[in-house]
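Letters go in sequence order (proteins before strands), and every chain restarts at 1. Everything numeric here is computed off the predicted structure, so don't read it as measured data.
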4 protein chains.
Amino acid sequence: MSGATKMMQRKKEKKRKAILDAAITVFSSHGYRKARVADIASQAKVGDGTIYLYYPDKARLMMAVFRELIDTQLNAWKEQIDPQQSNLEQLQQFFYFHADFFTKNPNFARFYAIEMRQLPQLQQTDHSRWPLYNYHEAISSLIRNAISAGEIRKIDTDVFVSMLLGTMEYVLTEWVYHNYEKSLHSINAKLIDILHNGLKLVDKERLL
Amino acid sequence: MSGATKMMQRKKEKKRKAILDAAITVFSSHGYRKARVADIASQAKVGDGTIYLYYPDKARLMMAVFRELIDTQLNAWKEQIDPQQSNLEQLQQFFYFHADFFTKNPNFARFYAIEMRQLPQLQQTDHSRWPLYNYHEAISSLIRNAISAGEIRKIDTDVFVSMLLGTMEYVLTEWVYHNYEKSLHSINAKLIDILHNGLKLVDKERLL
Amino acid sequence: MSGATKMMQRKKEKKRKAILDAAITVFSSHGYRKARVADIASQAKVGDGTIYLYYPDKARLMMAVFRELIDTQLNAWKEQIDPQQSNLEQLQQFFYFHADFFTKNPNFARFYAIEMRQLPQLQQTDHSRWPLYNYHEAISSLIRNAISAGEIRKIDTDVFVSMLLGTMEYVLTEWVYHNYEKSLHSINAKLIDILHNGLKLVDKERLL
Amino acid sequence: MSGATKMMQRKKEKKRKAILDAAITVFSSHGYRKARVADIASQAKVGDGTIYLYYPDKARLMMAVFRELIDTQLNAWKEQIDPQQSNLEQLQQFFYFHADFFTKNPNFARFYAIEMRQLPQLQQTDHSRWPLYNYHEAISSLIRNAISAGEIRKIDTDVFVSMLLGTMEYVLTEWVYHNYEKSLHSINAKLIDILHNGLKLVDKERLL
DNA sequence: GATGAATGAGTCTTCATTCAT
DNA sequence: CATGAATGAAGACTCATTCAT
């Protein structure tokens, strides 16, 4: 009996995954508002009502899609980290990794930059509901480590995370709005330079 | 004849302003989607159809509301600039000014951080349609001047603007999501420090 | 499974009929434009949206109503045909049958004469979409048979059909416009005389 | 003073004509429903409200347009009548004349065949309001004369008029629906044959 | 658990007509 | 007489969600 139950659970999990995948596809190509639950259902090859056995409503499904995407991204990033790299290098790698990903999947860039903003406001009493919570945590931890390791000076971690993710979002949004001109990689290089060295005149310049 | 026309033009302009003000109020309190055109009309004390004599549709009205808010902000900021200040100081002032404003008008913060993101995508072939175009330009020019004046080193202006506005948006969004905890001013100070000095260990720290 | 499906199909067909009947009633009494979809829905005791599961829009529903009426008419006419009658007599019967029907259902006369003309123009690339296509075909075939059987001389079938249906429509329209004065039957008799004998002076008259 | 008044009257008449002409143009190209009063006004180079000084509402303007077109047609037809022709020949001429006209002005055919049907129903207590009243009268009179002159046999005039106008409308409608295939002239010839000779087998055929 | 037919709330926009100037 | 800015009524349609089977 327990075996049968396990199999059913596995089956359920498979169905949940099918729905999630369908949702990713449909949300990505149509956007949250235009995406119809019925489309997701037919894409997932389940009945319309079935979706509601797995997710309470469209908005939560969207949230789940986000978390799925973000987790997938985070994991992919973590897997390709070279443990020899310093924390700072890993952080830089974070941006190059995403520049790569979005360049290759412009649809997801639109999704990330535009669609995330359409997320219906849920009660935000819980910080961990913040859609980018996991990103925040991952970067946050890297920064703290970099500080501990003496790789960078002691800056405010949260503010710095906001700078990084805010810039990333903004750049991405502009990139999408302006039809994928420019190169995300070239932007990255300039960004890292500013972050690392600040605005201060360097000694050489000061001499001039 | 020309007198009458002038008076009518003034009257029309007054009505346009009434509609815009009503729209700001209604959009701010209900959000773009829940705001009904009919509510805006009655708030502005005009007929439903009158709105369409001034704005082609709800989305464009929203755009106009934005531009109005942004322009008002920009002008208010410009007026309180001390011409004695360096470009860099003016830039810092920009953020303190906004921190002030949003702290005092949290409704507008929500509007700016959340509602702006609901803006229906119009054809974005024209860069000047970018909602924050004026902000971008204003900051951009300050930065270029600061560079010319030797106040800061020669960084990529566009990337830097993206960092500033992106961070501002992100911080604001977090602030709204997390129910106006923290203080925007304290965040500002930390932000400016990071931007100015970068991440690099300062000599003193390095010596330790 | 197949049983359940069959029952559902029958249920669906019943609902389709309910909607169609409600539409006939509402369209007939209010006219196409004033008829509200919501009224049809409540008359049919279904939800507003349900109608759209069966007909893509109001205009197509109207088309379906037409075809339904016309088919019903055609079938009723065919059923009461006396197979002993010649083609010509059947043709005459066609008009007497309709005169009867419309005299007894003046509402349908108004519908047929007036409302049909409000039909939104769909793309008319396909001749079989022509609302009176079935009528055209039925009469056309009678005429061809009458010619083959030597009952009437060899005239142009299409033109003759146009004469018949056009006259029918016009007489009906006048009848409705002029508040159902005259008798459709008396008109019929005169019409048939003209059609059959033409305008030519008959020999007797010529002799006078 | 009387001179000035006369001039004003002439001016008014000119404006009425301008509005009517504009209405013809706009109604013909957009159809009654889609035609906007404001478009007619601007086409006529008058204010929107001005139209209502000349016509009580859109529907009556449409009626006026019809009468204007029909009168123009009737007059044009009358002018080209050869007084030597018999009444019957004049009647035939009536159809050839219209076939010509509509072939050269397919837009008006659409207008006549389709748009006339959109005419909002006015109270039809008065027969002379019947849109085709003038046509009816003109043809009616020709027929009566033809009968008196012994050119045709004594048929029911009204029914015959209905046949003629009904057929004309139907043929025109089909012609428009089916994208102006066929030739109106060729149809005319067949039509006249049927009308004149009826359906009866002619002696020659009877012999076969 | 799964289905998918049924529901019905909810709103932007048009445009004929009016009337103050 | 002429204007044209202002009005406001009116309704088809979509689609997230439910629930009987």
J.: If we only count heavy atoms from C-beta on, is the C:Arg16 to C:Tyr55 side-chain gap below 4.5 Å?
T.: yes
J.: Return the nucleotide paired to E:dC19: Watson-Crick means purine N1 to pyrimidine N3 with N6-O4 or O6-N4, wobble means G-U with N1-O2 and O6-N3, both under 3.5 Å.
T.: F:dG4
J.: Rounding to a whole Å, what distance do you find between B:His30:NE2 and E:dT11:P?
T.: 10 Å
J.: List the steps and the verdict of side-chain contact (heavy atoms from CB on, under 4.5 Å) for D:His30 and D:Arg36.
T.: CA-CA 9 Å; D:His30 293 78; D:Arg36 276 166 301 168; over 6 Å; no
J.: Can you tell me the distance, in whole Å, between the CZ atom of D:Arg60 and the C1' atom of E:dA16?
T.: 14 Å
J.: Roughly, in whole Å, what's the span from NZ in A:Lys45 to C1' in E:dA2?
T.: 17 Å
J.: To the nearest 0.5 Å, tell me how far B:Tyr54 OH sits from B:Thr50 OG1.
T.: 7.5 Å
J.: Look at C:Arg10 together with C:Glu13 and state whether they make a salt bridge at an N to O cut-off of under 4.0 Å.
T.: no
J.: Heavy atoms under 4.0 Å, any strand shown: does A:Lys12 hit a base, just sugar-phosphate, or nothing?
T.: sugar-phosphate
J.: As an exercise, state the distance from CG of C:Leu61 to OH of C:Tyr52, rounded to the nearest 0.5 Å.
T.: 8.5 Å
J.: Starting at atom NZ of C:Lys11, determine the distance to atom C1' of E:dA5, rounded to an integer number of angstrom.
T.: 9 Å
J.: What is the distance, to the nearest angstrom, from the CG atom on D:Leu53 to the C1' atom on E:dT18?
T.: 11 Å
J.: Between atom CD1 in B:Ile40 and atom P in F:dA6, what is the gap in whole Å?
T.: 17 Å
J.: E:dT14 C1' sits how many Å from B:Ile51 CD1, rounded?
T.: 14 Å
J.: Pairs under 3.5 angstrom, nitrogen or oxygen only, protein versus nucleotides 8-12 of chain F, please.
T.:
from: F:dG8; atom 1: N7; to: B:Gly49; atom 2: N; distance (Å): 2.9
from: F:dA12; atom 1: OP1; to: C:Ala35; atom 2: O; distance (Å): 3.4
from: F:dA12; atom 1: OP1; to: C:Lys58; atom 2: NZ; distance (Å): 3.1
from: F:dA12; atom 1: OP2; to: C:Val37; atom 2: N; distance (Å): 2.9

J.: Is there a donor-acceptor contact under 3.5 Å from the side chain of C:Lys34 to the main chain of C:Phe27?
T.: no
J.: In whole Å, what is the span from the OH atom of A:Tyr54 to the P atom of F:dA16?
T.: 20 Å
J.: Once rounded to the nearest 0.5 Å, what's the spacing between atom OG of B:Ser29 and atom CG of B:Asp39?
T.: 9.0 Å
J.: Could you list by number each residue of residues 14-23 of chain D showing a heavy-atom separation from DNA chain F of less than 4.0 Å, or answer none if no residue does?
T.: D:Lys15
J.: Using side-chain heavy atoms (C-beta onward) and a distance below 4.5 Å, is D:Val46 in contact with D:Ile51?
T.: yes
J.: Measuring from atom CD of D:Gln43 to atom CD1 of D:Ile19, what distance do you get when rounded to the nearest 0.5 angstrom?
T.: 12.0 Å
